[in-house]
> 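Sharing a structure with you now.
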Amino acid sequence: MKLLACLICSFFILCLSPMLSQTNYDENKVPPFEVPDPLLTFNGKKIESVKKWENTRRPELLHFFESNVYGKLPKSLKIDSYTILEQDNNALNGKAKRKQVELTFKNNNKTLRYTILIYLPKHIVKAPIFLGYNFYGNHTITEDKAVLISTAWANNNESFGIENNTLTKESRGKRAHRWAVEKILDAGYGLATIYYGEVDPDKNDFSDGVHHLMYQQNQNKPNPEEWGSIAAWSWGMVRALDYFEKDPDLDASKVIAFGHSRLGKTSLWAGATDTRFAGVISNDSGCGGAALSKRKFGETVGSINSSFPHWFCDNFNQYSNNEEALPVDQHQLLALIAPRPLYVASAEEDQWADPRGEFLAAHYASQVYHLYGKKGIESMEMPKANEPIHNTVSYHIRTGKHDVTDYDWKNYIEWANSFVK
Ligand code: GTR
């Protein structure tokens, strides 16, 4: 058995090593490139006012990212009904109000359901709230035994006890270290989370998730300009906002979209496509998230499209190993969030996500914030580790790995206290 495992391992290392050896981690090997100007239209017109930005440049950038990066939604799909599956006004030892709300969507005789777990600080009326997906089910973010376990497909994970793509109670609380639930509540914020696999299972298969509700006759995968999984997950966050608008305990105008890694790419796209989000956090989102693609440092468009062909729309493949042809870059995605508060965070040991590329994107996006009289990341010099810069556009790089830590949450809360609350 061990021998077989070893052989399988060596096989993967052999197959992957040519790919890994091509990964650039050397700043001197970053190719020279021009940073596309957020304030110059595709036709070369200079944008000098908020009005021109909002009426001309922002829509053309949004349209480009929609049709060529994340993919368009085929049509709108709104909540059909919702059910409060469970509620406790004395959860977490009396600290919180907990709700578990199931949203139901229907189209083409098919149904999709997903559950939002909501914690609200008990004594604050309509508290601002962080909304973000989790990777392995709502029950993994806390030890709270009342949190329901999703029956949706999940990636197998031995250390989480996930076999046969089925979540079990064995993984309860396994990701609690990534969600500073008590800190968030003590600071006067709520937290809402959804298992991303309920909206679209994270596999290269478009026969499930929200996609399959939306096909035309004889269609079995999205068209080249239509949504991949990141756009589907973003859609799920936007529909959660729709629910928040109906819930008298919540204030939908105070929702901060949060996400880590692929789910940070998702929170950025949600914040770009729906201006109702009051603020956006990208934690270690990397390639296709906050990092500049044209630097080709760490993960590249080519590697992400080949490892995760379902995340972006098929049109994005045109730019695999061809980043120079992109008329945009990710700082322009960040700029779509202006003038709303934006936090980009990196981790020192997360070179795959290109911390410098994430920092520079926050810097270049700041030009658009200036149009609104807001301060962003003004210097081109990266701050030292654990020395955050807090402005309407904020940035930190912390010591450590690709993860979400209490340090990250401490900073998100401080930034939210000053710029979002
Ligand atoms: C990696 C992927 C990254 C990032 C990460 C994650 O394998 O290359 O882009 O999204 O997964 O989501 O954990």
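Atoms within a ligand are numbered from 1 in the order they appear, just like the ligands themselves.
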> Which of the atoms of ligand 1 are close to H402, meaning less than 4.0 Å from one of its heavy atoms?
13 (O)
> Please list, in number order, the atoms of ligand 1 under 4.0 Å from a heavy atom of S261.
4 (C), 5 (C), 6 (C), 10 (O), 12 (O), 13 (O)
> Relative to ligand 1, is I304 under 4.0 angstrom through side chain, backbone, both or neither, heavy atoms considered?
side chain
> Using 0.5 Å steps for rounding, measure from the OG1 atom of T23 to the CG atom of D354.
12.0 Å
> Return yes if some donor-acceptor pair links the side-chain N/O of S285 with the main-chain N/O of A290 below 3.5 Å, else return no.
yes
> Looking only at protein heavy atoms, which one is nearest to atom 8 (O) of ligand 1, and how far off is it?
E299 OE2, 2.5 Å
> Looking at W311, which atoms of ligand 1 are within less than 4.0 Å of one of its heavy atoms?
9 (O), 10 (O)
> Near F308, which atoms of ligand 1 are under 4.0 Å from a heavy atom of that residue?
2 (C), 7 (O), 8 (O)
> Sort out for me which residue in Y133, W179, F277 forms a side-chain contact (heavy atoms from CB on, under 4.5 Å) with F258.
W179
> For ligand 1, does R262 get within less than 4.0 Å through its side chain, its backbone, both, or neither, judged by non-hydrogen atoms?
both
> Quick one: does H260 get a heavy atom under 4.0 Å from ligand 1?
no
> For ligand 1, find out whether one of its N or O atoms is nearer than 3.5 Å to an N or O atom of W352.
yes
> Between Y369 and N391, do the side chains contain a donor N or O and an acceptor N or O under 3.5 Å apart?
no
> Without hydrogens or angle criteria, can the side chains of D403 and T405 be said to hold a donor-acceptor pair below 3.5 Å?
no
> Scan side-chain atoms only and decide if Y119 and T193 contain a donor-acceptor pair under the 3.5 Å cut-off.
no
> Can you tell which of V420, I413, I129 makes a side-chain contact (heavy atoms from CB on, under 4.5 Å) with Y189?
I413
